> 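Before I ask anything, here is the structure I am working with.
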Protein chains: 2
Amino acid sequence: MRLSTKALYAVRAMVCLNLQKGGEPVSIREISARERISLTYLEQLFAKLRRSDLVRSVRGPGGGYVLARPAAEIALDAIIDSVEETLAPASCVEQKEPCCHGEQCVTHQVWLELGERIRDFLASISIEDLSRDALERRRGDLLNPETGELS
Amino acid sequence: MRLSTKALYAVRAMVCLNLQKGGEPVSIREISARERISLTYLEQLFAKLRRSDLVRSVRGPGGGYVLARPAAEIALDAIIDSVEETLAPASCVEQKEPCCHGEQCVTHQVWLELGERIRDFLASISIEDLSRDALERRRGDLLNPETGELS
DNA sequence: AACATTCCCGAGCAAAACTGTCAATTAAAG
DNA sequence: CTTTAATTGACAGTTTTGCTCGGGAATGTT
Ligand code: FES
Ligand code: FES
């Protein structure tokens, strides 16, 4: 039940893009350095993100990627759909083929619902939400440096 | 975000066990035939289920496996824990190591919560629940054979 | 025009995980 | 003592993952 690194990386990268001051393009190289993710691997991910219209690319010096839409309108499920194949817990949920012999499958409904829950949860969180959290945390760090930990 | 066949098979097998009339042991061979799952593969799964005290084994002729506890007390998360490694969507959620560089990780909280939701959902469903559904559906089949589909 | 920067694309590839198989053994019932 | 069936450990084939590499094409700078 693990998400692949593709999904993990893509979400982090998208937050990175949104955190950029002034909405200037962020280069893959920069993200690679900041997030410690292989540069060439990131290229692959951004190719998919672009094809899904989640980011726009700007070529040439000073270029990079920008979010294609307002961060509040980009939810995590869309990002994961873009770079990873599926959020469904079982192959049959996406009508590939039934897992079981002819009869009605006892467990199908469960996996269907589980898939829905996962998607609903991820759809309820946007890049904006994550960015806000990140900023709040940084501010918190400045205000309470003595506590060490933050709630 | 797929569950492995281990998880899928194990849940179906456990329902099989519970559906047995009279609580007699069900052999792996029988389950293999009924659910069309490789016999030797099932052996592996049941070894794990037994080590987790979810089933008890009875050797010799007429032997097989029985649920170790009442079906209502066996939830799906326990079964999946038993045969599969994890329900956590990211490795860092199980305190292996942080995914990110030194700082606080922007996305960690999300994966943590997602993992909780998944576990909560699966923990809310017992083998008994699934068995009841299965029986109701069979009864429904008998009552409304003309509809073909059931809600 | 030359050059540097950056995105773009496709192929390839090693390691891990997944999905099993096989052989040999032990325990119990009849 | 024979048959049934669980128990164990090793191993093999395939798929997926997580990358790398090599070369291009667009764009801005000098
Ligand atoms: S057909 Fe979907 S779980 Fe069996
Ligand atoms: S440390 Fe858990 S997601 Fe980064």
Side-chain angles (χ1 to χ4, degrees), chain A residues 1-10 12-13 17 20 24-33 35-68 80 83-86 88-91 96 99, chain B residues 1-10 12-13 16-17 20 24-68 80 83-86 88-91 96 99:
Chain A
M1 246 347 214
R2 282 270 161 80
L3 285 166
S4 64
T5 56
K6 280 181 217 163
L8 270 28
Y9 291 172
R12 278 161 59 195
L17 252 50
Q20 178 73 355
E24 283 152 17
V26 185
S27 74
I28 270 183
R29 181 175 304 275
E30 212 172 316
I31 297 176
S32 166
E35 299 285 338
R36 311 286 164 86
I37 300 171
S38 147
L39 187 131
T40 50
Y41 195 36
L42 269 178
E43 278 180 353
Q44 287 182 43
L45 301 187
F46 272 94
K48 294 186 181 180
L49 291 171
R50 194 175 56 84
R51 279 181 220 121
S52 313
D53 280 315
L54 292 174
V55 299
R56 274 190 7 248
S57 65
V58 182
R59 294 172 100 154
Y65 290 93
V66 241
L67 296 185
I80 296 178
V83 297
E84 190 164 67
E85 304 70 31
T86 180
S91 59
K96 299 293 180 189
C99 75
Chain B
M1 254 333 225
R2 282 269 162 80
L3 284 165
S4 64
T5 56
K6 279 181 218 162
L8 269 29
Y9 290 172
R12 279 161 59 195
C16 241
L17 251 50
Q20 179 72 356
E24 283 151 19
V26 185
S27 72
I28 270 182
R29 182 176 303 274
E30 213 172 315
I31 296 177
S32 166
R34 280 229 290 263
E35 298 286 338
R36 309 288 163 84
I37 299 172
S38 150
L39 186 131
T40 49
Y41 196 34
L42 270 177
E43 280 177 356
Q44 286 183 44
L45 302 188
F46 272 94
K48 295 186 181 180
L49 291 171
R50 193 176 57 83
R51 280 181 221 122
S52 313
D53 280 315
L54 292 173
V55 299
R56 273 191 5 249
S57 66
V58 182
R59 294 172 98 151
Y65 291 93
V66 238
L67 296 185
I80 297 178
V83 297
E84 190 163 69
E85 305 68 32
T86 181
S91 58
K96 300 291 181 189
C99 75

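These figures come from a predicted structure and were not determined experimentally. In what follows, chains carry the letters A, B, and so on, assigned in the order in which the sequence lines appear, proteins first and then strands, with residues in each chain numbered from 1.
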> Using side chain to side chain contact (heavy atoms under 4.5 Å, CB included) as the criterion, list what pairs up with A:Arg56, not counting sequence neighbours.
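If we apply the side chain to side chain contact (heavy atoms under 4.5 Å, CB included) test to A:Arg56, skipping adjacent residues, the hits are A:Val66, A:Ala68.
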
> State which residues pass side chain to side chain contact (heavy atoms under 4.5 Å, CB included) with B:Arg29; sequence neighbours excluded, sorted by chain then number.
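Expected list: B:Ser27, B:Leu39.
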
> Rounding to an integer number of Å, can you tell me how far B:Leu3 CG sits from D:dT16 C1'?
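Value for this atom pair: 16 Å.
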
> Side chain of A:Ser27 only, heavy atoms from C-beta on: which candidate in C:dT6, C:dT19, D:dC19 is closest?
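Of the options given, the side chain of A:Ser27 lies nearest C:dT6.
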
> Closest approach of B:Val83 and B:Leu45, non-hydrogen atoms and distance?
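Result for this residue pair: CG1-O, 4.1 Å.
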
> A:Arg2 has an atom CZ; how far is it from atom C1' of D:dG18, in whole Å?
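About 15 Å, once rounded to whole Å.
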
> Using a strict heavy-atom distance below 4.0 Å, which residues from residues 58-65 of chain A are in contact with DNA chain D?
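Going residue by residue through residues 58-65 of chain A, the ones with a heavy atom under 4.0 Å of DNA chain D turn out to be A:Arg59, A:Gly60, A:Pro61.
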
> Got a sec? Which of residues 37-54 of chain A come in under 4.0 Å of DNA chain D, heavy atoms?
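Only A:Ser38, A:Thr40, A:Tyr41, A:Gln44 qualify.
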
> Starting from P on D:dC19, measure out to CD on A:Glu84 and report it in whole angstrom.
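To the nearest whole Å, that distance equals 14 Å.
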
> Can you sort out the partners of B:Leu54 under side chain to side chain contact (heavy atoms under 4.5 Å, CB included), two or more places apart, ordered by chain and number?
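Here the qualifying residues are B:Met14, B:Leu49, B:Ser52, B:Arg69, B:Ile74, B:Ala78, B:Ile79, B:Ser82.
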
> Which residues pass the salt bridge (Lys or Arg N to Asp or Glu O under 4.0 Å) test with A:Glu30, sequence neighbours left out?
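Salt bridge (Lys or Arg N to Asp or Glu O under 4.0 Å) check on A:Glu30 returns A:Arg34.
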
> Rounded to the Å, how far apart are B:Leu8 CG and C:dG20 C1'?
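From B:Leu8 CG to C:dG20 C1': 15 Å.
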
> With ring pair (Phe, Tyr, Trp, His ring centres under 6.0 Å) as the rule and sequence neighbours excluded, what pairs involving residues 49-68 of chain B come up?
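Residue pairs with at least one partner in residues 49-68 of chain B: B:Phe46-B:Tyr65.
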
> Any idea which heavy atoms bring B:Met1 and B:Pro89 closest together, and the distance?
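Reported closest heavy-atom pair: CE-CB, 4.1 Å.
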
> So, does B:Ser57 get its side chain near the phosphate of D:dT7, meaning an N or O under 4.0 Å from OP1 or OP2?
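Checking B:Ser57 against D:dT7: at least one side-chain N or O falls below 4.0 Å of OP1 or OP2.
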
> Applying side chain to side chain donor-acceptor pair (under 3.5 Å), name anything that partners A:Ser4, two or more places apart in sequence or on another chain.
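A:Ser4 satisfies side chain to side chain donor-acceptor pair (under 3.5 Å) with A:Glu84 once adjacent residues are dropped.
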
> Looking only at side-chain N and O atoms, does A:Thr5 come under 4.0 Å of OP1 or OP2 in D:dT17?
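Indeed not, no polar side-chain atom of A:Thr5 lies that close.
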
> Got a sec, which residues hit salt bridge (Lys or Arg N to Asp or Glu O under 4.0 Å) with B:Lys48, two or more places apart in sequence or on another chain?
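Applying salt bridge (Lys or Arg N to Asp or Glu O under 4.0 Å) to B:Lys48 gives none.
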
> Can you tell me how far C1' of C:dT19 sits from CZ of B:Arg36, to the nearest Å?
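Going from B:Arg36 (CZ) to C:dT19 (C1'), I get 19 Å.
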
> Atom CD1 of B:Ile28 and atom C1' of D:dT7: how far apart are they, to the nearest Å?
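About 9 Å, once rounded to whole Å.
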
> Report the distance from atom CZ of A:Arg29 to atom P of C:dC8, rounded to the nearest whole Å.
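Spelled out: CZ on A:Arg29 to P on C:dC8 is 15 Å.
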
